[in-house]
Student: 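My structure is below; once you've seen it, I'll send some questions.
Atom set for the values below is all heavy atoms of this structure, side chains included, hydrogens, waters and symmetry mates excluded.
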Amino acid sequence: MRVKFAKKEDTLIVKIEGELDHHVAESIKSVIDDEYEKKSCKNLIFDFKNVNFMDSSGIGVIIGRYKKIKENNGKVAIVNANKQLHKIIEVSGLLRIIKCYNDIEEALKEI
């Protein structure tokens, strides 16, 4: 599991590579939270282009960050989710609160 960050204006882009499961959920949470605070961002985009597996712990990571960002009056988006991940996101009910986009540029325009 690797996490890379980029910043566009007031949006932190989190590029996750590998599996987002219970083995890495806690460390991912803290790494994302630290970077979000350090960069003084408002919004957050999860880029799942290189995520090949996610379980309920991954959903927890997303929901936890969503709550934090919402407190800041920011928005959260998900981009580049493959069919399997999109299905997990859909079944979990996340689509009611977080939108999925095809790419980073599209998400940046919307948020």
Student: Would one find more than 12 heavy atoms of other residues, nucleotides or ligands at under 6.0 Å from atom NZ of Lys7?
Tutor: yes
Student: Tell me if a side-chain donor or acceptor on Lys29 pairs with a main-chain N or O of Gly64 at a distance below 3.5 Å.
Tutor: no
Student: When you compare the side chain of Leu12 with that of Asn43, does any pair of heavy atoms fall below 4.5 Å?
Tutor: no
Student: Output, in order, the C-alpha distance, side-chain angles, deciding distance and verdict of salt bridge (charged side-chain N to carboxylate O under 4.0 Å, His left out) for Glu106 and Lys109.
Tutor: CA-CA 5 Å; Glu106 182 183 8; Lys109 286 180 195 172; over 6 Å; no
Student: Should Asp47 and Ile78 count as side-chain neighbours, where that means a heavy-atom distance under 4.5 Å?
Tutor: no
Student: Do Val14 and Tyr36 come close enough that some side-chain heavy atom pair is under 4.5 Å?
Tutor: no
Student: Is any NZ, NE, NH1 or NH2 atom of the basic residue among Lys49 and Asp103 found under 4.0 Å from an Asp or Glu carboxylate oxygen of the other?
Tutor: no
Student: Side-chain contact test, heavy atoms from C-beta onward, threshold under 4.5 Å: evaluate it for Thr11 versus Leu108 and give yes or no.
Tutor: yes
Student: Can you confirm whether Ile16 sits close enough to Arg2 that some side-chain heavy atom of one is under 4.5 Å from a side-chain heavy atom of the other?
Tutor: no
Student: Salt bridge or not for Lys68 and Glu71, using N-O below 4.0 Å?
Tutor: no
Student: Does a donor on one side chain and an acceptor on the other come within less than 3.5 Å for Asn80 and Tyr101?
Tutor: no
Student: Provide the closest heavy-atom pair for Ile89 versus Ala81 in the form atom of the first, atom of the second, distance.
Tutor: CD1-CB, 4.2 Å
